[in-house]
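Following: one structure in structure tokens, then a few remarks.
Quantities reported herein were computed from a predicted structural model and do not represent experimental measurements.
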Amino acid sequence: MITTEEKKKGKCLWTPTPKQSEFLSSSFDEVLYGGSAGGGKSDALLIDMLGLDQHSLVWPRYRAILFRKTFPELSELVDRSKEIYPSIFPGAVYNTTEHEWRFPSGAKVLFSYMDKDEDRYKHQGNEYQWVGWDELTHWATPVCYRYLQSRTRSTNPDVKCYTRATTNPGGRGHAWVKDHWRIKNDGGTSRFVHVDKFGDKEAKSYRQFIPAKLDDNPYLSQSGYREMLMKLPEKDRKKLLDGRWDVVEGQYFTTWDPHRHIVEPFVIPPDWPRWRGMDWGSTKPYAVGWFTVDPDGVIYLYRELYCWGGEADVGTKESVKQVARKIHHFERHEKAKGIEFRNNPADPSCWYSKGEGITITELFKREGVTWRAAKGGPNSRVNGWWVCNQMLVEATFKVFSTCKHFIRTVPSLQVDETKPEDLETKNQEDHSADMWRYAIQVVHKYQKRVLQKPKAGYMTFDYIINLDEKYEDKSIYRL
């Protein structure tokens with residue numbers, strides 16, 4: 001808190017740390033600031049939304065808005081703003097009813113919440129030059145974040161638009177946030193240009209992730225806060241103290257271990273059985289995976305076809321014919337060697353036709369790609385997840401390192417809070433997981449090669465007995 005005496009002495013009202021300065025001076029469209037706890041994230045947001053570097057508050061139409069998941073979570077930010085803003089702008093007035101700061105020019109800085117996806121429509125028709133999100137991973141999906149980007153525009157050439165966010169690792173939106181900013185497991189910095197293509201046109205967004213740790217905040221690093229964080233359980237300590245992004249809160253597949261379950265690609269012997277599984281999607285991504293099994297019963301996901309729109313949980317709206325062509329393309333070399341794909345399970349909804357018309361599987365069949373309905377029935381979903389988890393425990397399931405989307409999405413999937421035995425289905429990118437669940441529940445049997453007996457002499461006893469027996473040279477592995 002800045003005292004009256006300090007103001008008279010001309011002391012600096014607020015001094016950023018070096019990391020906060022990096023955040024405040026960034027010219028990127030979308031910046032995520034955070035990592036471990038205690039990095040000074042809240043203050044950085046409150047200062048940045050004032051647009052001091054471009055004198056935004058002089059423009060009467062300037063509007064900045066800062067979101068939390070629920071309104072009670074905003075109280076700390078509002079209280080902190082009451083300590084900072086009057087010191088910087090003595091004429092600023094906070095309106096408790098509207099939850100907004102009003103400045104002498106007419107500019108406004110607002111605090112709001114967005115608990116459900118439907119809340120985004122409250123801002124339909126609004127115009128903001130700055131949109132901020134505190135603890136972004138609390139939002140399970142990017143729906144609200146993306147929608148508010150469509151509300152971010154400026155008619156003033158001197159006032160640019162920015163989207164800013166802060167967060168710690170973890171939370172229900174951990175996976176999409178990590179993917180959106182291409183954050184590495186160790187929480188290192190990232191900066192890149194993301195390109196969306198619309199026909200022959202492109203839309204670019206400049207994204208930057210600025211990691212901040214406790215050591216970057218001298219006001220807290222020497223306060224004993226570190227000792228408190230060190231006492232936390234290992235997972236929490238890695239997230240909040242070390243700023244690591246490979247530890248997921250509420251993780252369903254808790255036994256997932258990249259060192260045990262991810263392997264480098266190898267040449268698969270031609271007599272290992274092979275099959276594929278599919279979870280269908282159009283607006284959402286579809287996932288096709290190719291599997292094999294070794295003599296010890298270890299199943300491998302060795303190839304994936306996962307089509308998305310370049311953003312988490314966005315599909316490509318491809319037709320069945322387009323997908324079938326890709327499947328044929330991926331399988332062409334194996335089929336040329338006589339390898340067959342048998343017993344291929346797919347999403348049971350592909351057989352649903354609402355009582356009329358043709359089904360997805362019939363369309364695939366016309367293109368020469370056949371499927372069988374994955375196992376269904378009461379508790380089949382939970383049973384499937386139990387089998388998946390058991391295979392991770394026993395390390396009888398492994399993934400080729402080239403299956404990027406499986407590795408990106410499956411380990412971070414969250415438990416359904418209302419049904420702990422199941423995955424949450426509404427707000428997660430679970431398409432690869434469903435494909436996996438369908439595929440590993442197919443029964444695979446091995447049969448040893450039956451060897452030919454030595455040929456018996458003509459009309460001997462063995463010759464006569466063998467007349468009624470058939471011997472086949474079978475593969476040692478088959479479906």
Side-chain angles (χ1 to χ4, degrees), residues 28-32 45-46 48-75 77-78 81 85 89 92-136 138-167 173 176-177 180 194 196 198-199 201-207 283 309-314 317 426-427:
F28 280 62
D29 302 332
E30 302 176 58
V31 179
L32 177 67
L45 277 178
L46 291 172
D48 195 72
M49 68 191 300
L50 298 177
L52 300 177
D53 60 331
Q54 50 187 0
H55 307 288
S56 299
L57 295 177
V58 176
W59 185 37
R61 292 184 59 184
Y62 179 71
R63 298 293 183 270
I65 188 165
L66 179 57
F67 290 100
R68 281 297 303 255
K69 187 71 166 58
T70 63
F71 193 79
E73 293 172 322
L74 283 168
S75 60
L77 288 169
V78 172
S81 72
Y85 289 177
F89 288 92
V93 177
Y94 182 72
N95 186 301
T96 305
T97 304
E98 300 295 330
H99 312 295
E100 64 184 27
W101 282 95
R102 297 173 181 176
F103 294 84
S105 68
K108 295 181 180 181
V109 168
L110 305 91
F111 296 90
S112 188
Y113 72 97
M114 200 168 291
D115 187 20
K116 301 177 182 178
D117 288 350
E118 293 76 15
D119 292 336
R120 68 189 187 276
Y121 296 119
K122 296 177 182 178
H123 303 272
Q124 191 171 10
N126 292 351
E127 182 179 293
Y128 303 108
Q129 290 71 54
W130 188 97
V131 176
W133 305 83
D134 192 30
E135 296 299 343
L136 186 59
H138 288 187
W139 282 269
T141 73
V143 171
C144 295
Y145 179 88
R146 289 176 185 157
Y147 183 82
L148 262 294
Q149 285 189 300
S150 71
R151 306 294 92 201
T152 308
R153 54 184 181 267
S154 175
T155 58
N156 186 341
D158 296 325
V159 177
K160 296 180 180 179
C161 295
Y162 296 108
T163 299
R164 298 292 184 259
T166 66
T167 197
W176 78 261
V177 172
H180 191 83
H194 176 80
D196 286 305
F198 306 92
K201 297 182 179 180
E202 293 183 346
K204 296 181 179 180
S205 57
Y206 297 81
R207 299 177 186 172
T283 304
E311 295 282 351
D313 212 27
V314 176
K317 299 183 180 180
K426 294 181 179 180
N427 300 315

- Query: Quick one: ring pair (Phe, Tyr, Trp, His ring centres under 6.0 Å) partners of Trp176, sequence neighbours excluded?
  - Reply: Tyr145

- Any residue meeting ring pair (Phe, Tyr, Trp, His ring centres under 6.0 Å) with Tyr113, in chain and number order, not counting sequence neighbours: none

- For a side-chain contact (heavy atoms from CB on, under 4.5 Å) with Arg164, tell me which candidate from Leu45, Asp134, Leu136, Leu66 qualifies. Leu45

- Message: Going by side-chain contact (heavy atoms from CB on, under 4.5 Å), Ser81 matches just one of Leu50, Val109, Leu74, Leu46. Which one?
- Response: Leu46

Look at the side chain of [X] and the backbone N and O of [Y], then say whether any donor-acceptor pair between them is shorter than 3.5 Å.
X	Y	result
Asp29	Tyr206	yes
Gln129	Ser154	no
Arg207	Val31	no
Tyr162	Met49	no
Arg146	Val143	no

Any [X] side-chain heavy atom under 4.5 Å of [Y] side chain:
X	Y	answer
Gln149	Thr163	yes
Asp117	Thr141	yes
Val78	His99	no
Ile65	Trp130	no
Lys204	Glu202	yes
Thr96	Tyr94	yes
Arg63	Glu127	no

Minimum heavy-atom distance between [X] and [Y], given as atom pair plus value:
X	Y	answer
Ala92	Pro104	N-CD, 4.4 Å
Trp133	Met114	CH2-SD, 4.1 Å
Thr155	Arg61	OG1-NH1, 3.6 Å
Tyr62	Gly51	OH-N, 4.0 Å

Nearest-0.5 Å distance that lies between atom [atom1] in [X] and atom [atom2] in [Y]:
X	Y	atom1	atom2	answer
Asp115	His138	CG	NE2	12.0 Å
Ser112	Phe67	OG	CZ	5.0 Å
Asn156	Asp158	CG	CG	5.0 Å

- Are His123 and Tyr128 linked by a side-chain donor-acceptor pair shorter than 3.5 Å? yes

- Query: Taking atom types as modelled and ignoring hydrogens, do the side chains of Glu30 and His194 form a donor-acceptor contact shorter than 3.5 angstrom?
  - Reply: no

Ion pair [X]/[Y], N-O distance below 4.0 Å:
X	Y	answer
Lys108	Glu98	no
Asp119	Lys116	no
Arg102	Glu100	yes

- Item | Over-ring placement of Arg68 relative to Phe71, 6.0 Å and 45° cut-offs | no

- Describe, in one word, how the ring planes of Trp101 and Tyr85 are oriented to each other, choosing from parallel (under 30°), tilted (30 to 60°) and perpendicular (over 60°). perpendicular

- Take Glu73 and Thr70 through the test side-chain hydrogen bond (donor to acceptor under 3.5 Å, both in side chains) and record every step on the way to the result. CA-CA 6 Å; Glu73 293 172 322; Thr70 63; 3.1 Å; yes

